[in-house]
**Student:** 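Can you read through this structure? Questions will come right after.
First listed ligand is number 1; within each ligand, the first listed atom is number 1.
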Amino acid sequence: MSAPKARPRPAARRELLAWYRANRRDLPWRRSRDPYAIWISEAMLQQTRVETVIPYWERFLARFPDVASLADADPDDVLTAWSGLGYYSRARNLQRAAQQLVKRHDGALPRDAGALRELPGVGRYTAGAVASIAFDAPEPVLDGNVTRVLTRLLAIEDEVGRRDVQDRLWAEAAALAVGESPGDLNQALMELGATVCTPRAPSCKVCPWRRRCRARTAGSAETLPRKAPKQAPLAMEAAAGWLERKGRVLVVQRPGRGLLGGLWELPGGELAKNERPDDALLRHFDEGLGLALSGAEPLGSVEHVFSHRRLRLHVFRCKPTAGRVRRRDWDAHRWVSPAALDALAQGGPLRKARARVAERAQRP
Ligand code: SF4
């Protein structure tokens, strides 16, 4: 079956571009024409709010100013610069992609969306965004914001996850991208979704498309896009222990791939069925580190939600224990001063566990 085609909408394009030029937010990456800087911003903006991204983007660019410096960096430094942004596979993929760019493209980003998609972590959206914004190629983008705007503009009532609906939305976005300033047009679509055509209470009165929007006319804007019910995140339970020796705390590094891959954490692990948190802690220290804990004081639990999982982490302060670490379950381990923990690449669970330890230390 051939992909659907959409008709050009020159008037809608003009209205949107005029609105964008008058209303766009002044974001730091919009002041740059450097394809590398634009690519980094697009990678960071996936699943993450603009306000959160700005300081990360500025620090990342200061630390790794070009493809070559990112390709050559210590992977730990890249993860540290990413620490707190979540979805860490994005950072690992950025570095792999930078290494591929050095090897195959002399360290420059290709202008062509097809070639961009061959890079690790670059999907159809990112390729379209970089090709259009950095190189003014007439390539479409379709993210959550664009999906919302287009399903409302066209009053698409079918569930947006359906293949045929996705194909139609891509076709509509592709038709819009063709013409003057495709990069601005794509950014305008995303900006409209982020600032005017918001999920709840869209500001239709100030929307450049208010006269042509079918969902507004039908009064159905807030019900669109229709999505399949979300599956509840899978519940996980784990235990982690704060073990200190001579003022240094033991941390371990997760394997490079998978959930929180390459990040540092407190030793511990998941509870087996019907296992008590303290038993799980002792078992993981024994099996994963060869350390026989003589006991641990419970400090309560913290919660962390990943995209598909909800983790309840029981935090313990371990009783001092002797013996050398004989590590089996992690890629590396270190004894670090609590003050040096900030410099480690870490995810939400370690940050929350540290806060719990600090909070309990302050109690009389
Ligand atoms: Fe969204 Fe309202 Fe504009 Fe339609 S008129 S695109 S619903 S903001």
**Student:** If you leave out waters, which protein N, O or S atoms are less than 2.8 Å from atom 3 (Fe) of ligand 1?
**Tutor:**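 Under 2.8 Å from atom 3 (Fe) of ligand 1 - ignoring waters, which are not counted - the protein N, O or S atoms are Cys207 SG.
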
**Student:** Once salt bridge (Lys or Arg N to Asp or Glu O under 4.0 Å) is applied, do any residues pair with Arg254, and if so which ones, sequence neighbours excluded?
**Tutor:**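 Salt bridge (Lys or Arg N to Asp or Glu O under 4.0 Å) check on Arg254 returns Glu265.
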
**Student:** Kindly write out the residues that satisfy side chain to side chain contact (heavy atoms under 4.5 Å, CB included) with Leu94, not counting sequence neighbours, or none if the list is empty.
**Tutor:**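 Trp39, Ile40, Ala43, Phe60, Leu70, Trp82.
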
**Student:** Examine distances only and state if a side-chain atom of Gln99 and a backbone atom of Ala71 form a donor-acceptor pair shorter than 3.5 Å.
**Tutor:**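 Side chain of Gln99 to backbone of Ala71: a pair is present.
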
**Student:** Between Glu303 and Lys352, does any NZ, NE, NH1 or NH2 come within less than 4.0 Å of an OD or OE carboxylate oxygen?
**Tutor:**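 No, no charged N to carboxylate O under 4.0 Å.
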
**Student:** Suppose we screen for side-chain hydrogen bond (donor to acceptor under 3.5 Å, both in side chains). Which residues come up paired with Arg312, at least two apart in sequence or across chains?
**Tutor:**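 Only Ser301 meet the side-chain hydrogen bond (donor to acceptor under 3.5 Å, both in side chains) criterion with Arg312.
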
**Student:** State whether Arg226 and Asp158 are salt-bridged, where the test is any N-O pair (Lys NZ or Arg NE/NH1/NH2 against Asp/Glu carboxylate O) under 4.0 Å.
**Tutor:**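 Salt bridge absent between Arg226 and Asp158.
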
